[in-house]
Q: 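I'd like to ask you about the structure that follows.
Only this structure's heavy atoms are used, side chains among them; waters, hydrogens and symmetry mates stay out.
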Amino acid sequence: MRSFRHSGIQWSAAGESTLQTTGQDQRAQSKVDAKFGYGTFRIDHKVLSVSDKGVIADILESESQGLLKDLAKHINRQWYGYGNGQLCLANGAGSSTATLTIDTPGARYLSPGMNIFIGAVQAQISTVDSDTQVTLTATKTWSDNDVVKLATADNTAASEMMGLGGIVDDGTRVATLQNIARSTNYWWKTPANQLNTSATALTEAIMTAIYTYAREYAMNFQKPNYAWFLGADMWNAYGKLLTSMKKTATTKDVLNGGWKGLEFMDGVPVVLDFDVPAGEGYLVDLDAMTWAQLAPLDFIPGDTNNGVLTRVPGTSLFEATAAVYGNLATFNVRGHGAFRAKT
């Protein structure tokens, strides 16, 4: 990646003829580690042997589509995080109890039977009781604001992808990004004008300032390919700002033919994404981002005539596994912007 402007530039007086010949571009090599995501379900041969094949096909399709949809949901969640694996936070300490109260954002990514870590404590979810509470299969002890993460079958905390929460950062969250240390490479940090973390109400001025300063570093300056990504709370907050600034009424049928989404200045789309954390919004130069895939989200081929199913040795069960290998990466940190802690 190009890290600095060319140094071989000069302006000479009329009588000078010596040129700067030692100038060159500055380049940096980044490295993005692949992350490996899996989802698995099992089905008994007794079910597959039922004579009504139409019913069995529906069961397999339902399981398969549900697994792919939820695995994709976790991919999207990670794209707004910073690789710390956060599903939610413990809302209050727990001492030898099976009742876990949660927030930030709550139980959105939790399900019964899921293996998790609460801080450094391994646990399993028995039931999801509400948006803010789950019951564990056994009593555990944890601290307030412990991060709840997915656990692997090897009893380790999940190793998750990097997301915009770490890419659009000044080094506070992620000190080394794509193998480049931010402490010694200031150009790999998001500038202060493009990262607003003050705990304030969202204003159009905040978004305008982020966009204005980020655009200088856009990959395609003449025609930048930007989009704002907001969660439901900030989408509503931005919509209210537009409503309050409307000065005249119109009878034009703006809904004719479908809903017209929100737009920012220069026609930049404002995209609603429910996985963006509360109070946050990301201005993304799409030309400076890539979803670096080693393999797309799909099922690993099975070893039977049932397509994706593989016999589990020593049992009457068949197993299907979906996998995705890759990571989110950027070519240019300074081309993006973000706000956090907004209401």
Side-chain angles (χ1 to χ4, degrees), residues 1-9 22-35 75-86 147 159-198 206-230 268 273 275-277 279-294 325-342:
M1 301 180 299
R2 191 177 188 220
S3 57
F4 283 96
R5 299 188 188 280
H6 203 288
S7 59
I9 297 172
T22 59
Q24 60 183 8
D25 271 346
Q26 295 294 314
R27 300 279 173 173
Q29 177 71 55
S30 70
K31 181 176 72 173
V32 181
D33 294 331
K35 301 298 182 180
I75 294 172
N76 204 57
R77 166 185 62 79
Q78 293 174 53
W79 281 359
Y80 295 107
Y82 52 101
N84 69 332
Q86 180 176 323
V147 177
S159 177
E160 296 195 345
M161 298 184 296
M162 181 53 59
L164 291 170
I167 291 173
V168 190
D169 184 51
D170 57 5
T172 301
R173 287 179 166 181
V174 178
T176 299
L177 176 69
Q178 295 175 198
N179 210 41
I180 298 176
R182 284 171 153 159
S183 61
T184 53
N185 297 278
Y186 83 91
W187 52 270
W188 203 232
K189 300 179 181 179
T190 302
N193 289 330
Q194 297 161 222
L195 181 61
N196 189 310
T197 59
S198 301
I206 290 173
M207 297 176 68
T208 300
I210 292 171
Y211 173 72
T212 301
Y213 288 107
R215 181 164 175 169
E216 178 182 0
Y217 303 102
M219 294 289 284
N220 184 352
F221 178 78
Q222 297 298 326
K223 192 177 180 181
N225 186 18
Y226 274 115
W228 274 105
F229 293 91
L230 309 181
V268 173
D273 193 320
D275 292 314
V276 179
E280 299 185 5
Y282 291 92
L283 176 69
V284 181
D285 180 358
L286 300 176
D287 289 335
M289 296 295 301
T290 183
W291 166 222
Q293 292 186 103
L294 295 181
Y325 309 140
N327 210 337
L328 194 65
T330 186
F331 310 120
N332 176 23
V333 166
R334 295 171 80 89
H336 315 295
F339 60 76
R340 300 185 183 124
K342 298 296 178 281

Q: For a quick test of reading the model, state the closest non-hydrogen atom pair linking Ala338 to Val168 and the distance between them.
A: CB-CG1, 3.6 Å
Q: Start with the C-alpha distance between Met1 and Asn332, add both sets of side-chain angles, then the distance that settles side chain to side chain contact (heavy atoms under 4.5 Å, CB included), and finish with yes or no.
A: CA-CA 8 Å; Met1 301 180 299; Asn332 176 23; over 6 Å; no
Q: Under a 4.5 Å cut-off applied to non-hydrogen side-chain atoms, are Val174 and Asp169 in contact?
A: yes
Q: Side-chain contact, heavy-atom cut-off 4.5 Å: Tyr217 with Gln194?
A: yes
Q: If you define the side chain from C-beta out and look only at heavy atoms, does anything of Met289 sit under 4.5 Å from Ile167?
A: yes
Q: So which atom in Pro224 and which in Ala218 form the shortest heavy-atom distance, rounded to 0.1 Å?
A: CB-CB, 3.8 Å
Q: For Thr208, which residues count as a side-chain hydrogen bond (donor to acceptor under 3.5 Å, both in side chains) partner, sequence neighbours excluded?
A: none
Q: Which heavy atom in Lys342 sits nearest to a heavy atom in Ile206, and how many Å separate them?
A: CE-CD1, 3.6 Å
Q: Please examine the side chains of Ile210 and Trp228, heavy atoms only from C-beta on, and report whether any two atoms are closer than 4.5 Å.
A: yes
Q: Parallel, tilted or perpendicular: which one describes the rings of Trp291 and Trp79, with boundaries at 30° and 60°?
A: perpendicular
Q: Using the side chain to side chain contact (heavy atoms under 4.5 Å, CB included) rule, take Leu230 and Phe339 through it: C-alpha gap first, then chi angles, then the decisive distance, then the call.
A: CA-CA 10 Å; Leu230 309 181; Phe339 60 76; 3.7 Å; yes
Q: Output all residues satisfying side-chain hydrogen bond (donor to acceptor under 3.5 Å, both in side chains) with Asn193, sequence neighbours left out; order by chain, then residue number.
A: none
Q: So which heavy atom on Ala227 is nearest to which on Leu286, and how close?
A: CB-CD1, 4.3 Å
Q: Give a yes or no on whether a salt bridge exists between Glu216 and Arg334, defined as a side-chain N under 4.0 angstrom from a carboxylate O.
A: no
Q: Contact between Asn220 and Asn225 at the side-chain level, heavy atoms closer than 4.5 Å - yes or no?
A: no
Q: With a 4.5 Å cut-off on side-chain heavy atoms, are Tyr226 and Leu283 touching?
A: yes
Q: Not counting sequence neighbours, which residues clear side-chain contact (heavy atoms from CB on, under 4.5 Å) with Asn327? List them please.
A: Val32, Lys35, Met161, Met162
Q: So Gln26 and Arg5, side chain to side chain contact (heavy atoms under 4.5 Å, CB included) or not? Walk me through it.
A: CA-CA 7 Å; Gln26 295 294 314; Arg5 299 188 188 280; over 6 Å; no
Q: Taking only residues two or more places apart in sequence, or in another chain, which ones meet Arg340 in a salt bridge (charged side-chain N to carboxylate O under 4.0 Å, His left out)?
A: none
Q: Hey, could you give me the CG/NZ distance between Asn179 and Lys31, rounded to the nearest 0.5 Å?
A: 4.5 Å
Q: Mind checking what makes side-chain hydrogen bond (donor to acceptor under 3.5 Å, both in side chains) contact with Tyr80, not counting sequence neighbours?
A: Asp273
Q: If I compare all heavy atoms of Ala341 with all of Thr197, which pair ends up nearest, and what's the gap?
A: CB-O, 3.9 Å
Q: What do you reckon, is CZ of Arg27 surrounded by more than 12 foreign heavy atoms closer than 6.0 Å?
A: yes
Q: Would you sort out whether Arg182 and Asp170 count as a salt bridge (Lys or Arg N to Asp or Glu O under 4.0 Å), showing the intermediate values?
A: CA-CA 8 Å; Arg182 284 171 153 159; Asp170 57 5; over 6 Å; no
Q: If every non-hydrogen atom of Ala288 is compared with every non-hydrogen atom of His336, which pair is closest and at what distance?
A: CB-CE1, 3.8 Å
Q: Does any part of the side chain of Thr330, heavy atoms only, come nearer than 4.5 Å to the side chain of Trp188, both counted from C-beta?
A: yes
Q: Nearest 0.5 Å please: distance from the CD atom of Glu280 over to the CG atom of Leu164.
A: 10.0 Å
Q: Could you state the interatomic distance from CG (Leu177) to CG (Asn185), rounded to the nearest 0.5 Å?
A: 11.0 Å
Q: Supply the atom-to-atom distance Met207 CE to Thr212 OG1, rounded to the nearest 0.5 angstrom.
A: 11.5 Å
Q: Quick check: do Val333 and Lys189 have side-chain heavy atoms less than 4.5 Å from each other?
A: no
Q: Does a side-chain N-to-carboxylate-O contact under 4.0 Å join Asp25 and Arg2?
A: yes
Q: For Phe331, look at atom CZ and say whether over 12 heavy atoms of other residues, nucleotides or ligands are found less than 6.0 Å away.
A: yes
Q: CD of Gln29 to CD1 of Ile180: how many Å apart, nearest 0.5 Å?
A: 8.0 Å
Q: Tell me, please, which residues at least two apart from Tyr325 pass side-chain hydrogen bond (donor to acceptor under 3.5 Å, both in side chains).
A: Tyr38
